[in-house]
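See below for the structure under consideration.
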Amino acid sequence: MTKTIDFEKTLNAEQCAAATAADGPVLVIAAAGTGKTRTLTHRVAYLVEQGIDAQRILLLTFTNKAANEMVQRATTLVGERVGGLWGGTFHHMANRILRRQATRIGYQQDYSILDADDSKRLVRACVDELKLKSKHFPKPEVLMGLFGMAASTERQVVDLAHQRFQYHDISAEDIARVHALFMRRKRELNAMDFDDLLTNALQLFREHADVAEMYQQRFQYVLVDEYQDTNVIQSEWVDTLAKGYRNILVVGDDFQSIYSWRGADFRNIMSFPVRYPDARIFKLETNYRSVPEVLAVANACIAGNPEQYQKTLHARREPYKRPVLAELRDGGDQARFVIDTVRNLRREGYAPKDIAVLYRAHFHALELQMELARQGMPFFITSGSRFFEQAHIKDVCTVLRLLGNASDQLSFLRLMELIPKVGKRTAEKIWTAMEGAFDARQADKRQQLVKGLPNSARETGEQIMDVFAAYYDGRIGNTPGAVIEEFVNVFYDEYAVKTYENYDRRMEDVNELVTFSTKFQSIHDFLSEMALLSNIDAEMDRSEAAFDDAIRLSTVHQAKGLEWQAVIIIWVVEGMFPSNRAIETPDGEAEERRLFYVATTRAKDELFICVPSTRRQRDGAMNYCTPSRFIEEIPPDLFRAAN
DNA sequence: GTTTCGGTTCTTTTT
DNA sequence: GAACCGAAAC
C-alpha cells in the first residue's frame with residue numbers, strides 16, 4: 001500500500017482547496033511565486049490517489065521542462081502510478097495525435113515538422129517564385145510573423161496585412177498570394193510548421209467527430225498550466241478535449257501574460273467563467289518566493305495596468321533588503337557593476353547558479369558577455385538561435401530527414417548545396433527532375449541524382465548516396481545516430497574542417513546530437529523531438545553539473561517560471577525595456593509592463609535594476625538614455641542606493 | 001550561367 | 001554570427 005498524502009498539512013488552505021477541488025470546471029488564478037507548480041503537482045497526485053487511471057489525465061504545459069518537472073514531482077508523491085500520464089506542450093500533443101490521424105486531413109503520416117528556419121526559407125522561396133522580391137516588400141521574418149498571427153487568431157492574412165501596411169505602399173493582396181502559395185507548398189512537401197500542428201489538430205477535431213469523441217472519452221481530466229498564454233486555437237482545443245467529462249482545471253495569472261505577439265490572449269482566462277458558468281475560482285495570493293521588499297516593487301510596477309484582475313501578493317518571508325536601483329554611466333560601467341555585484345554576492349555565500357542577469361532582448365547582453373569572458377567569470381546563456389537550428393546541426397540531419405520524408409524539398413536542397421560546385425540552381429534542377437520526391441530506396445533514383453551533378457561533384461555525390469544505400473542495405477544500424485555518424489564519416493567531417501573556423505566546437509555539438517539521438521528508436525520520434533524541443537529543454541539534457549559554477553544570462557521570456565536568489569536586470573531604459581517596437585502596437589505598453597513584472601518577480605532575496613545613462617550607437621556616437629517609464633512609476637523610497 | 005567570395009548591415013520576445 | 005548583395009572566378 002502506498003502512503004497517502006495529508007494535503008491539508010503539506011499545502012496551505014488556498015493551494016489545498018484548488019488541489020482537492022471536486023469534479024467540474026476550475027479556474028485557479030495563481031500569482032507569481034504562490035506555489036502554482038506545487039498545487040498542480042498535488043492535483044495530479046490527488047487524482048491518482050482517488051483511483052483515477054493516470055492514462056486518463058492530460059496535462060498541458062508551456063514548456064517540456066515544466067511537464068517533466070511536474071511528472072517527476074508527482075511521481076515522488078504517489079510513485080509509479082503516474083506512469084501513463086499524458087504530459088507535454090500543446091505542440092507535442094498535437095503531433096502525437098496527428099501522427100496517428102494525419103491521413104484524415106489529407107497529410108501523409110510521415111509528415112515533417114518545419115522549424116522557424118525551414119519556414120522562413122520556404123516563405124522566401126514563395127516570394128521569389130511570385131517575383132515579388134523588392135526593396136519594399138516585407139522580409140520573410142515579417143511575413144512569418146503575420147502568417148503566424150493569422151493562424152493563431154483565426155483571422156485572414158489579407159485583413160491583417162491591410163491593417164499592418166495601410167500607410168505603406170505594400171499590397172495586402174500580394175501578401176495573401178504569398179501565403180496561399182506557402183500553404184500549398186507545405187502540403188506538397190508533406191510538412192507542417194508549428195502553427196499547422198495546432199490548427200490541423202483542431203481541424204481534425206472539428207471535421208471528424210469520431211476522433212474528437214475518442215479523445216473526449218479518453219481524457220477524464222484536463223489540466224492546463226500557464227493558461228493566460230493560450231491563443232484561441234489552444235483554448236478551443238482544450239474546450240473540445242474537455243467536453244466529455246468537463247473536468248477542466250486551468251491555472252494562470254493574467255499579470256504574466258507575455259505572449260500576445262504570438263496570438264496569446266489573456267481574455268481566455270478572463271472569459272473562462274463565462275464559458276463555464278459553473279466554474280469555481282480559486283486564488284493563490286500568498287507568495288513564498290520573494291522578500292517583501294521585492295514584492296513591493298513588483299506590486300507598484302503592475303499597478304500601472306489598472307484594467308487587469310487586481311490581486312495583491314502577500315509576502316510570507318521576513319523583511320530583508322530593498323532592491324537596488326543602480327544608475328550607471330554606460331554599458332561598460334554596467335558590465336563592471338554586474339561583475340562587482342556578482343563578486344559581492346559570492347562573498348555573501350550565494351552560489352553562481354543562484355544568480356541571474358535578465359534582459360529584454362538577446363543583443364542587450366552582448367557587451368556583458370564580452371566583459372564576463374575577459375574577466376574569466378563563467379556564465380551560461382540560453383542563446384537566441386536554438387541549438388537545433390544551427391547550420392551544422394541542420395546539415396547533418398538532412399539525410400535523416402529525407403529518409404523520413406522523401407518529399408522534404410528543403411532538406412534535399414540543403415544536402416545538395418553542401419557539395420562543392422553545387423549551388424541553388426543545380427540543386428533545384430535535380431529536384432525538378434526527381435518530380436517532387438527523392439525516394440532514396442531506389443538505386444536508380446540515386447543514380448539519376450548523381451548524373452544530374454556537374455562532373456567535378458559526382459564523386460562526392462556518390463559518397464553521400466552510399467549513406468542512403470548503407471541504410472537500406474542494413475550495413476549501418478537503422479537508428480538516427482548511426483545514420484548521422486555515417487554521414488559525418490564519409491562526408492561532413494571533411495566539409496566542416498574546410499568550412500568552419502570553429503570546427504571543434506561545431507563537431508562537439510554534432511557528437512552531442514548523436515548522444516541525444518540514442519534515446520530514440522525511430523527516425524520520426526527523433527526528428528519530431530528535435531523540432532519541438534526548445535533551447536531550455538535541450539540544455540536540460542546537457543551536462544548540468546558544468547553549469548553549477550556559472551551565473552545565468554537569459555531573456556525575461558525565457559526566465560518565465562524560473563527563480564533565483566539574486567536577479568540583476570540590465571538596460572532598464574526607454575526604448576530597450578520597454579522596447580521601442582513593442583510599444584508601437586496597441587496594448588504593447590501594458591504587455592511590456594507585465595514582462596517587467598515577470599522579471600522582478602523572479603528574484604527571491606535580492607533584486608538589482610540597472611539604468612545606464614548613455615549607450616553607444618553602431619556608428620560610435622553616444623546616445624542619451626532615459627530611465628524606463630516602469631522605473632518612474634515606482635516610488636523611489638522602495639529602492640536602496642547602490643554601495 | 002552558376003558558384004564562390006568578400007564586404008556590409010542588422011539584431012524583440014518563441015513553440 | 002549570418003544574411004544579404006555585388007563582383008570575380010569557374
Side-chain angles (χ1 to χ4, degrees), chain A residues 60-66 88-95 113-117 119-121 124 133 135 139-142 144-145 148 151-152 192-198 226 229-231 233-234 257-264 358-366 369 382-386 388-392 416-417 419-429 454-457 499-502 505-506 528-538 554-560 571 575-585 588 591-592 594-596 598-599 617-619:
Chain A
L60 290 165
T61 59
F62 200 72
T63 60
N64 301 292
K65 181 175 179 285
T89 63
F90 281 94
H91 290 85
H92 265 102
M93 289 302 140
N95 184 47
I113 299 173
L114 304 182
D115 62 26
D117 178 71
S119 308
K120 207 174 81 185
R121 280 166 199 270
R124 180 175 295 122
K133 212 169 137 184
K135 241 185 271 170
K139 295 211 161 62
E141 300 93 82
V142 178
M144 278 307 297
S152 56
M192 300 188 198
D193 64 15
F194 292 141
D195 295 320
D196 292 332
L197 285 172
L198 297 181
E226 308 276 17
D229 282 324
T230 54
N231 60 37
I233 307 278
Q234 290 163 324
S257 167
I258 54 175
Y259 283 99
S260 73
W261 47 274
R262 212 170 85 179
L358 304 184
Y359 37 83
R360 176 64 179 85
H362 287 293
F363 75 95
H364 294 173
L366 272 172
Q369 280 180 61
T382 314
S383 70
S385 60
R386 294 181 0 152
F388 294 120
E389 265 174 48
Q390 298 172 96
H392 51 291
M416 289 298 104
E417 285 175 49
I419 304 171
K421 307 292 170 200
V422 179
K424 203 161 167 275
R425 286 263 99 106
T426 314
E428 274 169 2
K429 266 182 208 158
N455 280 330
S456 52
T499 313
Y500 297 118
E501 272 179 38
N502 51 5
R505 220 212 74 228
R506 291 190 193 240
S528 302
E529 201 65 11
M530 265 188 70
L532 297 178
L533 273 190
S534 73
N535 250 351
I536 298 180
D537 300 324
S554 168
T555 63
V556 182
H557 281 91
Q558 286 180 324
K560 190 179 183 197
W571 287 118
M576 295 177 80
F577 204 161
S579 111
N580 259 336
R581 286 172 66 180
I583 50 179
E584 282 168 15
T585 57
E591 177 144 324
E592 293 288 295
R594 291 194 290 269
L595 194 58
F596 188 65
V598 169
Q617 283 184 314
R618 263 185 293 283
D619 54 17

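Just so it is clear: chains get the letters A, B, ... in the order the sequence lines come, proteins before strands, and each one is counted from 1.
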Whole-Å distance separating the [atom1] atom of [X] from the [atom2] atom of [N]:
X	N	atom1	atom2	result
K65(A)	dT14(B)	NZ	P	15 Å
L114(A)	dT15(B)	CG	P	17 Å
I258(A)	dT13(B)	CD1	P	13 Å
D229(A)	dT14(B)	CG	P	12 Å
H91(A)	dT15(B)	NE2	P	9 Å
L366(A)	dG1(C)	CG	P	10 Å
Q390(A)	dA2(C)	CD	P	7 Å
L532(A)	dT14(B)	CG	P	16 Å

For this session: Identify, between S579(A) and D195(A), the residue whose nearest nucleotide on DNA chain B lies closer to the 5' end.
Result: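 Upstream on the strand: S579(A).
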
Exercise. Want to settle it: does A361(A) or E389(A) sit nearer the 5' end of DNA chain B, counting the closest nucleotide to each?
Worked result: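 So the residue in question is A361(A).
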
For this session: Apply the test salt bridge (charged side-chain N to carboxylate O under 4.0 Å, His left out) to residues E584(A) and R581(A): give CA-CA distance (whole Å), side-chain angles for both, the deciding distance (0.1 Å), then the verdict.
Result: CA-CA 5 Å; E584(A) 282 168 15; R581(A) 286 172 66 180; over 6 Å; no

For this session: Describe, in one word, how the ring planes of F596(A) and F577(A) are oriented to each other, choosing from parallel (under 30°), tilted (30 to 60°) and perpendicular (over 60°).
Result: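 Judged by the thresholds at 30° and 60°, the geometry between F596(A) and F577(A) is perpendicular.
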
Quick check: do [X] and [Y] have side-chain heavy atoms less than 4.5 Å from each other?
X	Y	answer
Y259(A)	K560(A)	yes
W571(A)	R360(A)	no
L595(A)	H557(A)	yes

Taking only N and O in the side chain of [X], is any of them less than 4.0 Å away from OP1 or OP2 of [N]?
X	N	value
R581(A)	dT12(B)	yes
Q558(A)	dT13(B)	no
T555(A)	dT14(B)	yes
H362(A)	dT14(B)	yes

Problem set entry | Sequence-distant partners of E428(A), side chain to side chain donor-acceptor pair (under 3.5 Å), two or more places apart |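 So E428(A) forms no side chain to side chain donor-acceptor pair (under 3.5 Å) with any residue.
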
Exercise. Among all residues two or more places apart in sequence or in another chain, which pass the side chain to side chain donor-acceptor pair (under 3.5 Å) test with D195(A)?
Worked result: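 In terms of side chain to side chain donor-acceptor pair (under 3.5 Å), with neighbours along the sequence ignored, D195(A) is linked to no residue.
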
Exercise. Can you name the residues that form a side-chain contact (heavy atoms from CB on, under 4.5 Å) with K120(A), not counting sequence neighbours?
Worked result: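 Partners of K120(A) by the side-chain contact (heavy atoms from CB on, under 4.5 Å) criterion, ordered by chain and then number, come out as R124(A), P140(A), E141(A).
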
Exercise. Quick one: side-chain contact (heavy atoms from CB on, under 4.5 Å) partners of N455(A), sequence neighbours excluded?
Worked result: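 Once residues adjacent in sequence are excluded, the partners of N455(A) under the side-chain contact (heavy atoms from CB on, under 4.5 Å) criterion are R458(A).
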
Taking N or O atoms only and anything under 3.5 Å, show me the protein contacts with nucleotides 4-6 of chain C, one pair per line.
residue	atom	partner	partner atom	Å
dC4(C)	OP1	R124(A)	NE	3.2
dC4(C)	OP1	R124(A)	NH2	2.4

For this session: Classify the side chain of R360(A) and the base of dT13(B) as holding, or not holding, a donor-acceptor pair under 3.5 Å.
Result: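 Such a pair is found, so the answer is yes.
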
For this session: Side chain of W261(A) only, please: which of dT14(B), dT15(B), dA3(C) is the nearest?
Result: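 From the listed options, dT14(B) comes nearest.
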
Problem set entry | Sugar-phosphate only, base, or nothing, as touched by F90(A) at under 4.0 Å among non-hydrogen atoms |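 Answer is nothing: F90(A) stays at 4.0 Å or more from every strand.
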
For this session: With heavy atoms under 4.0 Å as the rule, sort F363(A) into base, sugar-phosphate or nothing.
Result: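 Contact class for F363(A): sugar-phosphate only.
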
N/O-N/O pairs, protein side and nucleotides 2-6 of chain B side, under 3.5 Å:
residue	atom	partner	partner atom	Å
dT2(B)	OP1	K429(A)	NZ	3.0
dT3(B)	OP1	G423(A)	N	2.6
dT3(B)	OP1	G423(A)	O	3.4
dT3(B)	OP1	T426(A)	N	3.2
dT3(B)	OP1	T426(A)	OG1	2.4
dT3(B)	OP2	K424(A)	N	3.3
dT3(B)	OP2	R425(A)	N	3.1
dT3(B)	O5'	G423(A)	N	3.4
dT4(B)	OP1	K421(A)	N	2.7

Exercise. Is there a side-chain contact (heavy atoms from CB on, under 4.5 Å) between Y359(A) and T555(A) once you walk through the steps?
Worked result: CA-CA 5 Å; Y359(A) 37 83; T555(A) 63; 3.9 Å; yes

Problem set entry | Stacking of Y259(A) on dT14(B) base (centres under 5.5 Å, planes under 30°) |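 Stack criterion not met.
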
